[in-house]
Amino acid sequence: RRPPRSTLFPYTTLFRSLRESYSDQEDTLRSAAEHLSSAVELDPEFALAHAWLAHVSMQIAFSFDAHGTWLDKAELHCQRAVALDPALPEGHWARSAILWSPGKNFQHAEAIAALEQVLAVRPNFDRAHNRMAAICLHIGRFHEARIAHENAQRSNPKNRSYNLEFIHLYSGDFARAEAAAEAWLREAPGHWGASCYAPLPPLMTGELALAGQRLAAGLKLYPCEPMLLSLQGILHARRNETAAALECVRKALDFPITVGHAHHTYYQVACVHAVLGETEKAMAWLERSVDTGNPCWPFFRLDPHLENLRHEHAFIRLVADLENKYSAIKIQRL
C-alpha cells in the first residue's frame, strides 16, 4: 500500500528541487528554495531537505541577491541539517558553499576541509568535486583543480561546470582556452558565462579585433555587466585609449557588481591600470581582488596585462606570500 500523500510530499518536493538546483537562473533557484521551504515546514526533521535548502539559498546569495536574507537562511538550514545528521555529506557540502562566499570572505582552506568531509563519505559526489575544482583554481592549485574536474566528469558527465575553461586560461594554455571559448559560444550562445569568458583568450594573445568583436556581442546582451565593462577597459588600454579605458572602469564600478564574482571585476580593473602604467592603482586593485577571493598567484605571473607590475617590490612580495600560503594547504581526497 502506498504511503499517504502527506508522507510522500517532502520527498517529491525534494526531487523536483534537486533538478531545479542545477540551474543558473534566479527564478528557477527561487522556485527550488520555495519548494524546499515547504518540505522542511512539513517535516522539520528532514535533514537532507534542510541541507539542499541551505545550498540553494547560498546559490542565490552568491550570484543574485547578496543584500537579502539568503546568507542567513543558508546558515540557519545548514546548522539544522548538521545538527540532525552530523555525518550528512550534503550538510557539509552546503557548509563549504557558505564558507567559500563573499559573506564569509572566501575561506578557501576551511571550505576545502568541509569538502573533504563530504568526499570521505560520498567520493562520487560530482558537485563536491566541481566546487573543489573551482576553489583550487582560484588559489593557483591547477593540478588539483584538473583532478577534481575529471573526478566530477566521471561521476556525472552531464553536469557542466566550466572549470576546465578557466584551468586552461589561468595556467597559460591560451590555445586550449581559445578552443574552449569557441566551443562554449557554440554550445550556449548568449550565456552570461560564455559572454564573459570568450574575450579573455584573444586578449591574452593580443588578437584585439577578435576580443573587440566578442565584447561587442556580450555588451549588446549584457550592457550593464561589470565584468564585460572592465574587459572593455582592458581592450581600450591595450589600444592606448586612456580616457575610454578609465571610463569603462568608472562604469564597471558604478553598476551593481554580482558580489560572488566581484573579485574578477576588481582584477580586471587592476589590469587596466597596469596596462596604462598606473602601478600604484593597479596594485591596490590587485590586492582588493586577492582580499575578496581571488589569490590566483600563478596567473598573476603570466597574465600579459600585469607586465608593468612584474618588477614592483609590492607585486613580488604579494605573489611570494600567496604562493607560500596556498601551496601549504593540504588537499588529500582527490
Side-chain angles (χ1 to χ4, degrees), residues 8-107 110-111 114-115 117-119 121-122 124-135 152 155-156 158-163 191-193 256 258-262 293:
L8 286 173
F9 177 71
Y11 298 93
T12 57
T13 299
L14 176 65
F15 296 146
R16 180 192 302 175
S17 301
L18 295 186
R19 291 193 298 271
E20 291 177 327
S21 74
Y22 278 85
S23 175
D24 59 3
Q25 300 299 310
E26 182 177 5
D27 289 348
T28 306
L29 291 171
R30 286 181 180 270
S31 173
E34 183 178 342
H35 292 142
L36 288 163
S37 295
S38 297
V40 298
E41 285 175 13
L42 191 63
D43 183 359
E45 306 299 303
F46 195 178
L48 187 58
H50 282 289
W52 278 93
L53 178 53
H55 195 274
V56 169
S57 298
M58 200 60 244
Q59 286 174 275
I60 296 170
F62 190 97
S63 295
F64 300 109
D65 189 4
H67 304 295
T69 60
W70 291 102
L71 175 59
D72 292 339
K73 188 168 186 173
E75 291 191 290
L76 173 68
H77 289 283
C78 181
Q79 290 166 4
R80 182 65 177 147
V82 174
L84 287 166
D85 185 351
L88 183 69
E90 288 81 0
H92 296 287
W93 175 57
R95 189 163 62 87
S96 75
I98 294 167
L99 289 166
W100 200 67
S101 73
K104 297 298 178 183
N105 201 29
F106 288 94
Q107 298 178 47
E110 292 80 0
L115 289 171
Q117 284 185 268
V118 176
L119 295 170
V121 179
R122 188 163 298 162
N124 293 323
F125 191 3
D126 60 309
R127 296 179 76 170
H129 284 297
N130 274 332
R131 177 164 297 115
M132 182 74 83
I135 297 172
S155 300
N156 182 3
K158 293 183 179 180
N159 185 4
R160 192 80 160 81
S161 73
Y162 300 106
N163 283 316
H191 187 278
W192 172 84
T258 302
V259 70
H261 304 286

Donor-acceptor pair, side chain of [X] and main chain of [Y], under 3.5 angstrom:
{"X": "Ser37", "Y": "Ala33", "answer": "yes"}
{"X": "His50", "Y": "Pro44", "answer": "yes"}
{"X": "Ser38", "Y": "Glu34", "answer": "yes"}
{"X": "Glu75", "Y": "Ile98", "answer": "no"}

Euclidean distance, Ile135 CD1 relative to Ser96 OG, rounded to 0.5 Å: 6.0 Å
task: With sequence neighbours left out, write down each residue that passes side-chain hydrogen bond (donor to acceptor under 3.5 Å, both in side chains) with Ser161, or none if nothing qualifies.
output: Asn130, Asn163
Set of residues satisfying side-chain hydrogen bond (donor to acceptor under 3.5 Å, both in side chains) with respect to Gln79, sequence neighbours excluded: none
message: Parallel, tilted or perpendicular, judged at 30° and 60°: which one describes the rings of Phe62 and Phe106?
response: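 If you compare the ring of Phe62 with that of Phe106, the planes turn out perpendicular.
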Salt bridge (charged side-chain N to carboxylate O under 4.0 Å, His left out) against Arg30, all qualifying residues, sequence neighbours excluded: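 For Arg30, the residues satisfying salt bridge (charged side-chain N to carboxylate O under 4.0 Å, His left out) (neighbours in sequence not counted) are Glu26, Asp65.
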field: Derivation of the side-chain hydrogen bond (donor to acceptor under 3.5 Å, both in side chains) call for Arg95 and His92
entry: CA-CA 5 Å; Arg95 189 163 62 87; His92 296 287; 3.2 Å; yes
field: Over all atoms of both residues, closest heavy-atom pair of Val118 and Trp93
entry: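 The pair with the smallest heavy-atom distance is CG2-N, 3.3 Å.
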statement: Shortest non-hydrogen pair, Leu99 vs Ala114, comes out as CD1-CB, 4.3 Å
